[in-house]
Amino acid sequence: MKFATEAIHAGQLPDPATGATIVPIYQTSTFTQEEIGRHKGYEYSRTGNPTRAALETCLASLEEAAHGLTFATGSAATAAVLSVLRPGDHVVAMDDLYGGTYRYFERVCRPNQVSFTYVDGRKVSEIERALQSGTKLVWIESPTNPLLNLADIAAIAAVTRPRGILLAVDNTFATPFFQKPLALGADVVVHSTTKYIGGHSDVLGGAVLTGNRELYEKVKFYQNAAGAVSGPFDSWLTLRGVKTLAVRMRQHEQNALDLAQFLEPNRCVSRVRYPGLSGHPQHELARRQMTGFGGMVTFDLRGGRDQANIFFKALKVFSLAESLGGVESLACYPATMTHASIPTEDRRRRGITEGTIRLSVGIEDIDDLRADLDQALRASQT
Ligand SMILES: Cc1ncc(COP(=O)(O)O)c(C=O)c1O
């Protein structure tokens with residue numbers, strides 16, 4: 001079946017116990033057994049819960065993965081993938097990553113003797129050059145947070161696959177509606193379902209999707225052992241959100257393209273980053289590996305932190321807030337918010353300046369969004 005149908009039906013058959021059309025919230029920690037070792041497939045909700053199972057099946061289906069696992073947050077999903085590494089293992093990661101992922105790599109994994117090399121993931125040759133005999137994992141985001149750079153997933157997979165190195169893709173920004181990393185050759189996809197998949201900024205969650213049985217078994221073992229699972233109500237909210245992913249993503253993209261085109265010639269703005277603009281340096285790659293360009297737009301406001309602050313304070317429809325992917329529009333200041341955990345010099349070198357502003361373009365009426373940006377930009381330069 002097609003994507004929009006799968007999003008509404010995959011893993012979501014009528015409830016076997018009652019016929020409920022919508023998957024119930026199985027808000028229970030435990031399940032009564034008929035006799036020793038005899039039960040209906042569930043024993044304890046950390047190990048497995050029917051609401052979570054429905055979400056795991058649905059997300060696996062959307063990513064064209066054989067297996068899905070969901071977690072309390074996207075960060076917990078990232079940690080679950082990294083849990084398969086052992087002291088002495090090496091990871092090659094993009095140097096333009098969500099700040100919390102970088103923090104987890106540097107402050108949690110590195111002290112546990114896993115080493116990291118960060119490279120410009122736009123260049124496959126740099127990834128290839130950074131591989132070592134102990135490299136077990138290549139970790140990429142595409143498009144990246146917040147600079148909306150792209151990595152050529154198929155070309156990177158062509159380097160990692162023959163060497164038996166796992167390729168993990170954080171597909172949070174694109175979502176499976178616009179990009180299918182496993183079909184492009186990646187081994188595992190990670191999501192912060194807190195973002196577009198949940199879609200309403202009312203729930204945290206994460207997911208790991210893979211076709212690799214051995215990896216799945218390891219991550220599933222870790223999921224149960226470490227226990228950062230998505231709870232029944234959170235799983236249900238995410239499942240409710242994902243049903244409308246297709247319609248939301250189309251509208252996010254339409255609004256984002258409109259605003260990117262509005263910002264590009266604006267005299268208050270020095271640079272606009274959006275993969276859907278023909279001037280984006282990787283626009284051709286975006287057209288090749290994505291079926292749409294997403295709802296995130298990043299731009300550099302002329303001036304620095306003071307101008308940015310005036311801009312944020314003037315906004316009426318957009319909220320100054322962390323996170324992204326909800327139906328409402330958000331504006332964020334990566335230097336002190338999402339990317340504060342990256343050292344200042346590193347951040348500047350990567351292109352995140354004091355004028356960099358990241359927009360999560362919602363699905364409100366585009367006229368209101370454009371007018372809001374227009375008045376806030378004018379205010380920032382007076
Ligand atoms: C691209 C990306 N990956 C992972 C995460 C972490 O997700 P969570 O906040 O659900 O732990 C985020 C959060 O902002 C993100 O933007």
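Remember, it's 1-based here, ligands and their atoms both numbered in the order they're listed. The model shown is predicted, which means the values in this text are computed figures rather than measured ones.
- Looking only at heavy atoms of the protein, atom 15 (C) of ligand 1 is closest to Tyr98 CG, 3.6 Å.
- On a distance-only criterion, Lys195 and ligand 1 share at least one N/O pair closer than 3.5 Å.
- Every atom of ligand 1 with a heavy atom of Asp170 under 4.0 Å away is listed here by number and element: 1 (C), 2 (C), 3 (N), 4 (C).
- For Leu204, the heavy-atom gap to ligand 1 stays at 4.0 angstrom or more.
- Salt bridge present: Glu56 and Arg52 bring a charged side-chain N and a carboxylate O closer than 4.0 Å.
- The side chain to side chain contact (heavy atoms under 4.5 Å, CB included) with Asn255 is formed by just one residue from the set Asp365, Leu369, Val297; it is Leu369.
- Using a 4.0 Å cut-off between charged side-chain N and carboxylate O, Arg288 and Asp152 make a salt bridge.
- Using a 4.0 Å cut-off between a side-chain N of Lys or Arg and a carboxylate O of Asp or Glu, Arg273 and Glu264 do not qualify as a salt bridge.
- For ligand 1, the polar-atom distance check finds an N/O of Thr194 within less than 3.5 Å of one of the ligand's N/O atoms.
- Atoms of ligand 1 lying under 4.0 Å from at least one heavy atom of Gly74, given by number and element, are 7 (O), 8 (P), 10 (O), 11 (O).
- Nearest protein neighbour of atom 7 (O) of ligand 1, counting heavy atoms only, is Ser192 OG, 3.0 Å.
- With respect to the salt-bridge test (charged N to carboxylate O, under 4.0 angstrom), the residues Arg129 and Glu126 do not qualify.
- Between Arg38 and Glu35 there is a salt bridge, since a side-chain N of the basic residue sits under 4.0 Å from a carboxylate O of the acidic one.
- Residue Gly205 places a heavy atom under 4.0 Å from ligand 1.
- In this structure, Glu354 does not pair ionically with Arg305, as no charged nitrogen and carboxylate oxygen lie closer than 4.0 Å.
- Less than 4.0 angstrom separates some heavy atom of Ser75 from each of these atoms of ligand 1: 6 (C), 7 (O), 8 (P), 11 (O).
- Residue contacts with ligand 1, taken as heavy atom pairs separated by less than 4.0 Å, do not involve Glu322 at all.
- Polar contact check, Phe173 against ligand 1: no nitrogen or oxygen pair lies under 3.5 Å apart.
- We find that Arg378 and Asp374 are joined by a salt bridge, their nearest charged nitrogen and carboxylate oxygen being less than 4.0 Å apart.
- Atom 16 (O) of ligand 1 has as its closest protein heavy atom Asn145 ND2, 3.0 Å.
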